[in-house]
Amino acid sequence: EDHISLGGDFEGLNVTEVVYKDSSTVIAKINGALKRDTGVGRITISGKVLSSGKDATVDLTVKQDTESSHDLTDPDKGQTESQAIRMMK
């Protein structure tokens, strides 16, 4: 969890679990309330834990409901409790 940083729409969310599935797949469980509306969430894994030694970053499209604000921790409000993100190591 210490080797993953969140930015863009994911800024302020919490990384609650990280699973290194194999040599090429990382699953990060994140939750919290989306506070920004840039349309892009960024996840970066530090090169310190990757075989390449280089940071890996992925930008993901984030679509928010324009009628109301959703809390990712409340699945009854139309959002999932957490989001699993797979990235190449």
Side-chain angles (χ1 to χ4, degrees):
E1 295 162 11
D2 293 335
H3 299 289
I4 294 183
S5 61
L6 305 173
D9 284 7
F10 295 155
E11 188 173 319
L13 298 180
N14 300 306
V15 178
T16 59
E17 182 179 357
V18 178
V19 177
Y20 295 89
K21 296 291 279 184
D22 55 40
S23 64
S24 64
T25 305
V26 177
I27 297 175
K29 184 176 180 182
I30 61 175
N31 67 24
L34 290 172
K35 296 179 183 175
R36 299 183 59 176
D37 188 17
T38 64
V40 177
R42 174 171 284 176
I43 300 174
T44 300
I45 300 176
S46 171
K48 293 177 183 179
V49 296
L50 301 176
S51 59
S52 69
K54 298 178 183 178
D55 290 355
T57 299
V58 63
D59 288 336
L60 302 166
T61 301
V62 177
K63 294 184 180 181
Q64 293 180 318
D65 186 341
T66 56
E67 294 181 19
S68 63
S69 177
H70 291 298
D71 183 342
L72 287 177
T73 61
D74 186 350
D76 294 329
K77 291 184 178 178
Q79 297 288 333
T80 59
E81 184 176 7
S82 63
Q83 186 121 10
I85 307 299
R86 291 187 168 93
M87 294 178 58
M88 295 299 289
K89 259 184 155 180

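Along the sequence shown, residues are numbered consecutively beginning with 1.
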* Interatomic distance, Asn31 atom CG to Thr16 atom OG1 [nearest 0.5 angstrom] -> 5.0 Å
* To do: Could you grab the distance from atom NZ of Lys48 to atom CG of Asp2, nearest 0.5 Å is fine?
  => 10.0 Å
* Asked: How far apart are the closest heavy atoms of Gly41 and Val62, and which atoms are they?
  -> N-CG2, 3.6 Å
* To do: Measure the CD1-CD1 distance between Ile4 and Ile45 for me, rounded to the nearest 0.5 Å.
  => 4.5 Å
* Under 3.5 Å: donor-acceptor pair, side chain of Thr44, backbone of Thr57 -> no
* Determine, stepwise, if the pair Leu13 / Leu34 fulfils side-chain contact (heavy atoms from CB on, under 4.5 Å). => CA-CA 7 Å; Leu13 298 180; Leu34 290 172; 3.9 Å; yes
* Asked: So do Tyr20 and Thr25 actually touch side chain to side chain, heavy atoms under 4.5 Å?
  -> no
* Asked: Taking the side chain from Asp55 and the backbone from Gly47, do they hold a donor-acceptor pair closer than 3.5 Å?
  -> yes
* **Side-chain donor/acceptor of Asp59 to backbone N/O of Arg42, under 3.5 Å** => no
* Asked: Roughly how far apart are Phe10 CZ and Leu60 CG, rounded to 0.5 Å?
  -> 5.0 Å
* To do: Begin from the C-alpha positions of Lys21 and Ile27 and carry the test side-chain contact (heavy atoms from CB on, under 4.5 Å) through to its verdict.
  => CA-CA 7 Å; Lys21 296 291 279 184; Ile27 297 175; 3.6 Å; yes
* Structure fact -> Here the gap from Ile30 atom CD1 to Leu6 atom CG, rounded to the nearest 0.5 Å, amounts to 5.5 Å
* Roughly how far, to the nearest 0.5 Å, is the OG atom of Ser5 from the CD atom of Glu11? -> 10.5 Å
